[in-house]
Number of protein chains: 2
Amino acid sequence: MDQSVTPPILYEWAGRKSAKPVDPALEALVRDIIGKIADKWTMLILETLEAHGTLRFTELGHKVGDISQKMLTKTLRQMEADGLVTRKVHPVVPPHVDYALTDLGRGLGAAFCSVWTWAETHYDDIEKSRAAFAARQGAGE
Amino acid sequence: MDQSVTPPILYEWAGRKSAKPVDPALEALVRDIIGKIADKWTMLILETLEAHGTLRFTELGHKVGDISQKMLTKTLRQMEADGLVTRKVHPVVPPHVDYALTDLGRGLGAAFCSVWTWAETHYDDIEKSRAAFAARQGAGE
DNA sequence: TTCGATACTAACCCAAAGGAGAGTGTATTT
DNA sequence: AAATACACTCTCCTTTGGGTTAGTATCGAA
């Protein structure tokens, strides 16, 4: 896609979003954050911590489901860096590490909650759409 | 417990859990949906269509930003299959294809709106957290 | 006759995501 | 003495994401 010239203007928001002025620099920033956060594992971990409160590493892994240790560690680190979770190490043997949401993380969890609800409400619509789409493709519309 | 022949197995990581009395099939489904829509390009396209209404392919690409035709096509097809967007082909030359959100898509857009607002509100907190985290790592806490 | 416009698809390639499995450190338990 | 527990880290490997370039079809304009 040709993006050699990107004029910073010509965004006419239908007034439906926040009343903030459309600053392209800010928009790029927000876009970057969305890009980082709109991630499967981040969302799943967020959801799990929101539902169960403070959890230890292994415990969290089991509750999230089919996540590998590698991805759990990596995603947790990113979330810690972004200030979404706290990581509390108890210097004991065997190791004990507690993960919990920060206020920021809880805020995102609350925001994302509506998406989760949407998915629960409309999964059957999506299934139907997929079936219809597959049929359309198969039949050679 | 047979330990004479047992190789050093440390984890059985693939075990399924059931924390909540939720139908596991439904949970897997919702999880799958979240996994599919919690995607950078899907969110960005959704946002763009929500803000601008009906758009043509190239137009949409420009407004979304740095997206390649390949990803635009691919994401759009997935969204069409999931029933989030409609694809209307006008059989003219040169080709003319209109993309617009469905009710389902608009619903998801509305749900995701709060996440977008959260990102706008807290991007500076995230920046600060990242800086603090980097400093913590660099200084060897 | 050649060009340009549009919305793609196909082929190629590289980088990142992500899974599997083994290794680490040490105090307590067997 | 050996196993165990926990929270990792490291290496190896496959899959997916995603960019780039080229090509296609067709009509009207130059």
Side-chain angles (χ1 to χ4, degrees), chain A residues 1-4 31-32 35-45 49 54-80 85-100 137 140-141, chain B residues 1-16 31-32 35-45 49 54-81 85-100 137 141:
Chain A
M1 195 66 51
D2 182 7
Q3 282 304 113
S4 49
R31 201 164 270 243
D32 171 72
K36 284 236 170 66
I37 276 166
D39 164 69
K40 182 187 170 187
W41 294 131
T42 303
M43 289 298 108
L44 257 21
I45 289 174
L49 282 176
T54 301
L55 288 174
R56 300 178 61 176
F57 182 82
T58 306
E59 221 176 354
L60 179 55
H62 283 150
K63 295 212 190 288
V64 167
D66 278 327
I67 186 172
S68 65
Q69 292 188 356
K70 182 181 169 181
M71 275 301 105
L72 184 54
T73 303
K74 191 178 167 187
T75 310
L76 243 14
R77 283 294 133 77
Q78 180 66 53
M79 292 175 79
E80 193 196 351
V85 302
T86 54
R87 179 170 175 268
K88 187 162 195 177
V89 181
H90 303 267
V92 296
V93 165
H96 186 133
V97 182
D98 283 328
Y99 290 94
Q137 297 305 96
E141 149 192 14
Chain B
M1 303 289 187
D2 176 10
Q3 62 252 75
S4 54
V5 216
T6 308
I9 296 172
L10 301 185
Y11 292 102
E12 20 133 309
W13 198 255
R16 263 315 256 160
R31 192 169 284 243
D32 171 71
K36 282 235 170 67
I37 65 175
D39 164 69
K40 182 188 171 187
W41 294 131
T42 303
M43 289 298 108
L44 256 21
I45 289 174
L49 282 176
T54 301
L55 288 174
R56 300 178 60 175
F57 182 81
T58 307
E59 222 176 355
L60 179 54
H62 284 150
K63 296 215 190 286
V64 166
D66 277 328
I67 187 172
S68 65
Q69 289 191 350
K70 180 181 168 180
M71 275 301 104
L72 185 55
T73 303
K74 191 179 166 187
T75 310
L76 243 15
R77 283 294 133 78
Q78 180 67 54
M79 291 175 79
E80 192 196 352
V85 301
T86 54
R87 177 170 177 270
K88 187 162 197 177
V89 182
H90 303 267
V92 296
V93 165
H96 185 133
V97 182
D98 283 328
Y99 290 95
Q137 298 304 94
E141 145 195 21

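Naming: A, B, ... by sequence-line order, numbering from 1 per chain. Note that the structure is a prediction, hence the values are computed from the model and not measured. FYI, side chains are in, hydrogens and waters are out, and symmetry mates aren't considered; it's all heavy atoms of this structure.
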Problem set entry | Test side chain to side chain contact (heavy atoms under 4.5 Å, CB included) applied to A/H62 and A/E59, step by step | CA-CA 5 Å; A/H62 283 150; A/E59 221 176 354; over 6 Å; no

For this session: Write down the distance between NZ (A/K36) and P (C/dA16), rounded to a whole number of angstrom.
Result: 13 Å

Exercise. Can a side chain N or O of B/T58 be found less than 4.0 Å away from OP1 or OP2 on C/dA7?
Worked result: yes

Exercise. If you find the nucleotide of DNA chain C closest to A/V93 and the one closest to A/T75, which residue's nucleotide is nearer the 5' end?
Worked result: A/T75

Exercise. Between C/dT6 and B/Y99, is there an OP1 or OP2 to side-chain N/O distance shorter than 4.0 Å?
Worked result: no

Exercise. Going by heavy atoms in the side chains, are B/L72 and B/I45 under 4.5 Å from each other?
Worked result: yes

Problem set entry | Whole-Å distance separating the CG atom of A/L60 from the C1' atom of D/dC8 | 14 Å

Exercise. Rounding to a whole Å, what distance do you find between A/F57:CZ and C/dT24:C1'?
Worked result: 15 Å

For this session: Compare side-chain N and O positions of B/R77 against OP1 and OP2 of C/dC8 and report whether any pair is under 4.0 Å apart.
Result: yes

Seminar exercise, completed: note: B/Q78, atom CD; D/dT16, atom P; distance rounded to Å ~ 13 Å

Exercise. Which listed nucleotide (C/dC8, D/dG18, C/dG18) is nearest to the side chain of A/K70?
Worked result: C/dG18

Seminar exercise, completed: Picking from C/dC8, C/dA22, C/dT6, the nucleotide nearest the side-chain atoms of A/Q69 would be C/dA22

For this session: Give the intermediate values and the outcome of side chain to side chain contact (heavy atoms under 4.5 Å, CB included) for residues A/T75 and A/L44.
Result: CA-CA 10 Å; A/T75 310; A/L44 257 21; over 6 Å; no

Problem set entry | Length of the line joining B/L44:CG and D/dG17:C1', which is rounded to integer Å | 15 Å

Exercise. Among the nucleotides D/dC8, D/dG19, D/dG18, which one has an atom lying closest to any side-chain atom of B/D39?
Worked result: D/dG18

Exercise. Among C/dG19, C/dA7, D/dC6, which is the nearest nucleotide to the side chain of B/R56?
Worked result: C/dA7

Exercise. In terms of the nearest nucleotide of DNA chain D, which residue is placed more toward the 5' end: A/P94 or B/K74?
Worked result: A/P94

Exercise. Should B/Q69 and B/T58 count as side-chain neighbours, where that means a heavy-atom distance under 4.5 Å?
Worked result: no

Exercise. Rounded to whole angstrom units, what separation is found between the CD1 atom of A/I67 and the P atom of C/dA20?
Worked result: 12 Å

Problem set entry | A/F57 side chain reached by A/L76 side chain, heavy atoms, under 4.5 Å | yes

Problem set entry | Interatomic distance, B/K40 NZ vs C/dA17 C1' [rounded to whole Å] | 14 Å

Problem set entry | For atom CG of B/L72 and atom P of D/dG17, their distance in whole Å | 16 Å

Exercise. For the side chain of A/P95, counting heavy atoms from C-beta on, which of C/dG19, D/dC6, D/dT9 is nearest?
Worked result: D/dC6

